[in-house]
Number of protein chains: 2
Amino acid sequence: MPFIDHRSVIPLYYQLAQILREQIRTTELPAGQLLPSERELMNTYDLSRNTVRQALDLLAREGLIVREHGHGTYVSNLSNSFHYMMDTFYENRDLLKRAGYTPTVKQISSQRLIPPEVVRQALRLEPQVETLCHTMIFFADDRPAMYTQDFLPLALAGEYDLSLEGEGFMRYLDRASGVRVEYVLVDISPVEAAGEVAHAFSCPVGKPLLLMKETFLDGAQNRAVCFSLNYFNQEVLNFRLLTRRG
Amino acid sequence: MPFIDHRSVIPLYYQLAQILREQIRTTELPAGQLLPSERELMNTYDLSRNTVRQALDLLAREGLIVREHGHGTYVSNLSNSFHYMMDTFYENRDLLKRAGYTPTVKQISSQRLIPPEVVRQALRLEPQVETLCHTMIFFADDRPAMYTQDFLPLALAGEYDLSLEGEGFMRYLDRASGVRVEYVLVDISPVEAAGEVAHAFSCPVGKPLLLMKETFLDGAQNRAVCFSLNYFNQEVLNFRLLTRRG
DNA sequence: GAGTGGTCTAGACCACTTC
DNA sequence: AAGTGGTCTAGACCACTCG
């Protein structure tokens with residue numbers, strides 16, 4: 001297996017990617033393990049550095065490996081637990097802008113509370129530990145589009161002011177947490193509208209809504225910085241993906 | 001604007017990508033327009049071919065441009081209409097495998113009918129034109145995970161046999177349509193379980209479900225080859241995305 | 001056959017991390 | 001200072017499309 005056929009019609013970078021994928025799958029390269037450096041892979045498989053990088057680019061885009069400048073490349077921790085990998089994550093505000101709307105934000109509340117179980121697990125908090133909970137509504141051209149609750153560990157409990165147009169939420173997290181948010185894990189599920197959300201969207205209780213549970217992760221995919229619940233108003237905003245063939 | 005600062009700290013490939021992005025945004029490069037060839041861009045901006053390709057790779061991954069081997073690179077038709085771009089699309093069967101299940105498929109029915117409006121629009125069919133409709137259920141370790149309806153234009157009405165383990169749906173489409181499916185447009189929405197779907201999942205009518213409407217497109221994103229409705233059973237399968245920061 | 005994008009090489013310098 | 005990944009160049013050959 002760990003062989004590259006230099007005369008094959010299969011591109012060399014693809015063969016290398018396949019070899020590494022296989023080693024990750026069989027945990028010959030376990031999660032967290034440092035890969036050989038690019039120059040080592042060059043020599044081992046008799047490839048140029050660009051070709052090695054092309055292979056690693058592929059795996060990085062698939063979320064299988066994580067690169068760290070000046071340090072090395074290692075196997076991702078999430079390698080087998082997700083279904084899809086997206087290229088870019090957008091802030092809620094940017095999402096609305098891209099959809100052609102003018103976004104505005106209304107802050108509903110900001111309080112300390114013991115978070116729901118799902119939040120506790122995502123942030124790996126001890127039971128009964130409080131978090132800060134920001135609740136707000138994003139409007140698209142004055143129609144309510146998203147109902148959002150952000151749960152921040154108290155260590156990050158800064159004075160995040162959403163009325164600040166300039167700074168996005170992720171840049172705020174960078175600053176407050178001291179960790180750069182690089183990935184966002186998104187769980188998409190359908191729920192029934194209820195309580196405050198139904199009220200915010202002026203829709204009947206029980207109407208199906210899209211709920212996106214977002215976990216903000218650092219570059220190593222190890223540390224969860226923040227957790228967020230986002231309810232989408234389907235009347236205003238569709239959730240659409242363009243995917244490329246695998 | 002259309003200038004590259006070779007002494008800037010901003011990478012050259014990123015500057016070029018930004019220039020092209022801007023030209024696409026302002027429709028100076030309108031949808032469908034051929035871009036200058038890579039060698040032309042090389043000369044125009046005084047960059048090496050690899051650097052030009054790095055910029056184009058970025059835009060292609062964002063879905064802004066489409067490349068055609070031997071022909072050229074042009075501005076995508078969908079450039080502004082989607083929210084997210086994913087790297088890879090998986091067949092339903094592969095999706096279940098990746099989630100760690102053993103997939104099986106049960107064909108429910110296969111009939112000619114006049115499709116719902118949403119299908120007609122996606123496939124750009126005239127009113128009253130019939131399509132073939134395959135209905136099936138995908139099981140994950142014998143639990144019903146997805147309820148799927150594929151709508152195929154009659155021209156593609158082959159004898160697609162899902163029991164064939166070897167061939168996936170997209171490869172079938174390639175063969176039957178004579179067009180290689182390169183992109184899948186996915187619309188995600190929450191709906192209430194009803195009728196056959198509720199029955200298949202043994203869940204109460206009215207329970208929120210995830211519905212994914214998939215449109216299969218060729219490489220030019222011009223031709224819709226097939227349309228598919230996929231209902232997800234949340235009890236079995238979560239829909240999860242790992243996204244990278246933009 | 002001319003032009004295109006796809007792949008590949010051998011080299012180079014840089015910024016970053018670690019020791 | 002040594003090693004890492006990030007960027008960049010100049011050149012090459014290939015497979016593909018089109019006239």
Side-chain angles (χ1 to χ4, degrees), chain A residues 4-20 32-61 64-76 178-180 182 218-220 244-245, chain B residues 4-20 32-61 64-76 174 178-180 182 218-220 222 244-245:
Chain A
I4 287 195
D5 180 358
H6 283 256
R7 294 162 313 172
S8 164
V9 289
I10 299 166
L12 305 182
Y13 76 90
Y14 191 85
Q15 293 185 53
L16 176 55
Q18 203 49 51
I19 288 171
L20 295 173
Q33 172 81 231
L34 265 183
L35 266 69
S37 75
E38 297 178 353
R39 286 158 182 87
E40 274 183 75
L41 291 171
M42 247 177 88
N43 296 328
T44 306
Y45 295 102
D46 195 21
L47 298 169
S48 76
R49 178 130 176 263
N50 274 356
T51 303
V52 169
R53 280 184 64 77
Q54 224 176 329
L56 297 183
D57 282 349
L58 206 57
L59 300 180
R61 262 183 282 130
L64 284 174
I65 61 171
V66 177
R67 283 153 141 168
E68 280 190 7
H69 194 174
H71 179 63
T73 302
Y74 53 90
V75 179
S76 154
V179 174
R180 188 178 151 83
E182 282 291 351
D218 68 356
R244 185 180 290 122
R245 185 160 181 166
Chain B
I4 288 196
D5 181 357
H6 283 257
R7 294 161 313 172
S8 164
V9 289
I10 300 168
L12 304 182
Y13 76 90
Y14 191 85
Q15 292 185 54
L16 175 55
Q18 203 50 51
I19 288 172
L20 295 173
Q33 172 81 231
L34 266 183
L35 291 175
S37 76
E38 297 178 353
R39 285 156 182 91
E40 273 183 76
L41 290 171
M42 248 177 89
N43 296 328
T44 305
Y45 295 102
D46 195 20
L47 298 169
S48 75
R49 179 133 174 262
N50 274 356
T51 303
V52 169
R53 281 185 63 77
Q54 223 175 331
L56 296 183
D57 282 349
L58 207 58
L59 300 180
R61 262 184 280 130
L64 284 176
I65 61 171
V66 177
R67 282 153 143 170
E68 281 190 5
H69 193 173
H71 178 61
T73 302
Y74 52 91
V75 179
S76 153
D174 293 347
V179 174
R180 187 176 152 84
E182 282 292 351
D218 69 356
N222 270 326
R244 185 178 290 121
R245 182 159 182 169

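In what follows, chains carry the letters A, B, and so on, assigned in the order in which the sequence lines appear, proteins first and then strands, with residues in each chain numbered from 1. Keep in mind that what you see is a predicted model, and the values were worked out from it rather than measured. All heavy atoms count here, side chains included; hydrogens, waters and symmetry mates do not.
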Within this structure, what is the [atom1]-to-[atom2] distance between [X] and [N], rounded to whole angstrom?
{"X": "A:E38", "N": "C:dC16", "atom1": "CD", "atom2": "P", "result": "17 Å"}
{"X": "A:R67", "N": "C:dA15", "atom1": "CZ", "atom2": "C1'", "result": "15 Å"}
{"X": "B:R53", "N": "C:dT9", "atom1": "CZ", "atom2": "P", "result": "15 Å"}
{"X": "A:Q54", "N": "D:dT7", "atom1": "CD", "atom2": "P", "result": "15 Å"}
{"X": "B:M42", "N": "D:dT9", "atom1": "CE", "atom2": "P", "result": "9 Å"}
{"X": "B:L35", "N": "C:dG5", "atom1": "CG", "atom2": "P", "result": "9 Å"}
{"X": "A:H6", "N": "C:dT9", "atom1": "NE2", "atom2": "P", "result": "7 Å"}
{"X": "A:L16", "N": "C:dT7", "atom1": "CG", "atom2": "P", "result": "14 Å"}

> When every nucleotide of nucleotides 10-19 of chain D is labelled 5' to 3' by its protein contacts under 4.0 Å (heavy atoms), B for base, S for sugar-phosphate only, - for none, what sequence of letters results?
Replying inline: B-B--BBB--
> Are A:I4 and A:D46 close enough that some pair of their side-chain heavy atoms sits under 4.5 Å apart?
Replying inline: no
> Between B:L47 and B:H6, is any pair of side-chain heavy atoms under 4.5 Å apart?
Replying inline: yes
Let me confirm one number: the [atom1]-[atom2] distance from [X] to [Y], rounded to the nearest 0.5 Å.
{"X": "A:L56", "Y": "A:L35", "atom1": "CG", "atom2": "CG", "answer": "7.0 Å"}
{"X": "A:L58", "Y": "A:Y14", "atom1": "CG", "atom2": "OH", "answer": "7.5 Å"}
{"X": "B:L59", "Y": "B:R67", "atom1": "CG", "atom2": "CZ", "answer": "8.5 Å"}
{"X": "A:L16", "Y": "A:I10", "atom1": "CG", "atom2": "CD1", "answer": "13.0 Å"}
{"X": "A:E38", "Y": "A:T51", "atom1": "CD", "atom2": "OG1", "answer": "11.5 Å"}

For [N], does either OP1 or OP2 sit under 4.0 Å from a side-chain N or O belonging to [X]?
{"X": "A:S37", "N": "D:dT4", "value": "yes"}
{"X": "A:T73", "N": "D:dT4", "value": "no"}
{"X": "A:Y13", "N": "C:dT7", "value": "yes"}

> Across the strands shown, which category fits B:L12 at heavy-atom distances under 4.0 angstrom: base, sugar-phosphate, nothing?
Replying inline: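 Here B:L12 touches the backbone only, sparing every base.
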